[in-house]
Amino acid sequence: MIISSPGDYREAARRRLPPFLFHYIDGGSYAEQTLRRNVADFQDVALRQRVLKKADDISLATRLFDEALDLPVVLAPVGLTGMYARRGEVQAARAAASRGVPFTLSTVSVCPIEEVAPAIDRPMWFQLYVLRDRGFMKSALERARAAGVKTLVFTVDMPVPGARYRDAHSGMSGPGASMRRLWQAATHPAWAWDVGVRGRPHDLGNISRHLGAPTGLADYIGWLANNFDPSISWKDLQWIRDFWDGPMIIKGVLDPHDARDALALGADGIVVSNHGGRQLDGVLSTARALPPIAEAVKGRMTILADSGVRNGLDVVRAIALGADAVMLGRPFVYALAAQGERGVTNLLDLIAAEMRVAMTLTGAASIAAIGPDLLAR
Ligand code: FNR
């Protein structure tokens, strides 16, 4: 299949992956309204075209938390990435490093911290969930620190998992799921050989090391369901702030009040995010949630945004709406599933090329020059 745009990778991933994995990635919660709006609302943001602005020397470089980035993009934490491509976290991290952007390892990755960090020549970021097992949280932070992680992404929008109805239809969960998954693997032989056989072990690397026993997909679902902690409040985050001396980013903020609370806690940044429309369906899209949050905290903390960014134009739009940089979720996962590391590097190149055109035609020669005045009202 011909890949000419970032959007082509979704179909390429659909062809390659067993349906239970494709729909796990692709789906959102409940009626998937927020998932759809995330994408549509970015598309609806109109940019002001400006001509003859002498934008011949475009720079996409930026800095986040004293780290130099060649592109204002960070790969978002995505669970089970090692199921979408062989040792997928390592491949994605290598692609990100080769294009000068950070990769964020999820708590629930297949490859453990100790496998991914040494595979790249820049510090990776690490994402942690709020979990009942505080011993696990502490030891995960210690392991991350020992592996050279400086930037911690603390995800707070999953005190309970949102219902993803697609998963029951696709065989990810529900009755007879394991037989259905086996059948789907058998009928997707390229994936089965590359990832199913050669990509082993398929456990949750960070968690099985902590438990001292191998974990599988069933444990993933069970462990997560039992370990999310709805009793958590801002007060409980203080120990993590005290424990972690590097940059700490709170991921999953959609409201200006919560952004201010994150600032008061001493967080260095937030990710304006609705978890890619996978948690509370019906909440605001990122494109709509971002401007009032930027108004509340811009300049006092770093603002990242994700959920619905699909291409280079969306990156420019998100920055114009108030973000300092974006996180990419599904787009990099589709590219990884379709073509591994090569797919992710190509995706980042496509996004950079699209940004250059958008910046030239809006007269913004640098990331710092992208602001609300690029928006057509
Ligand atoms: C996620 N996301 C996520 N977030 C997180 O903090 N920890 C995690 O383990 C995961 N796992 C995960 C799995 C899959 C398959 C998806 C699609 C997403 C959310 C992710 O970091 C990010 O917020 C969204 O993916 C952004 O939305 P887009 O770019 O996918 O629209």
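All heavy atoms count here, side chains included; hydrogens, waters and symmetry mates do not. As the structure lists them, so they are numbered: ligands from 1, and atoms in each ligand from 1.
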Residue portion contacting ligand 1 (non-hydrogen atoms closer than 4.0 Å) for [X]:
X	result
Phe154	neither
Arg330	both
Met327	neither
Val78	both

Polar contact flag for [X] and ligand 1 (N/O pairs, less than 3.5 Å):
X	value
Gly79	yes
Tyr129	yes
Ala76	no
Ile25	no
Gln127	yes
Tyr24	no

Could you list the cluster mates of Val357? Members are the ILVMFWY residues connected by side-chain heavy atoms closer than 4.5 Å, either directly or through other members.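 Under the 4.5 Å side-chain rule, Val357 groups with Leu361.
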Please answer whether the main-chain N or O of Val45 pairs with a side-chain N or O of Arg317 as donor and acceptor at a distance below 3.5 Å.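 Flag set: sc Arg317 to bb Val45 pair under 3.5 Å.
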Do side-chain atoms of Asp324 reach the backbone of Leu304 as a donor and acceptor pair under 3.5 angstrom?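 Side chain of Asp324 to backbone of Leu304, a donor-acceptor pair under 3.5 Å: no, none is there.
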First locate atom OG of Ser233, then atom CG of Asp261, and finally report the distance between them rounded to the nearest 0.5 Å.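 The CG atom of Asp261 is 10.5 Å from OG of Ser233, to the nearest 0.5 Å.
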Are any non-hydrogen side-chain atoms of His275 and Lys251 less than 4.5 angstrom apart?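 Of all side-chain heavy-atom pairs linking Lys251 with His275, at least one is under 4.5 Å.
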Taking the side chain as every heavy atom from C-beta outward, state whether Arg16 and Asp194 have any pair of such atoms under 4.5 Å apart.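 Result yes, sub-4.5 Å side-chain heavy-atom pair found.
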Please name the residue in the list Arg330, Arg166, Arg14 that meets the side chain to side chain donor-acceptor pair (under 3.5 Å) test with Asp26.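 Only match with Asp26 under side chain to side chain donor-acceptor pair (under 3.5 Å): Arg166.
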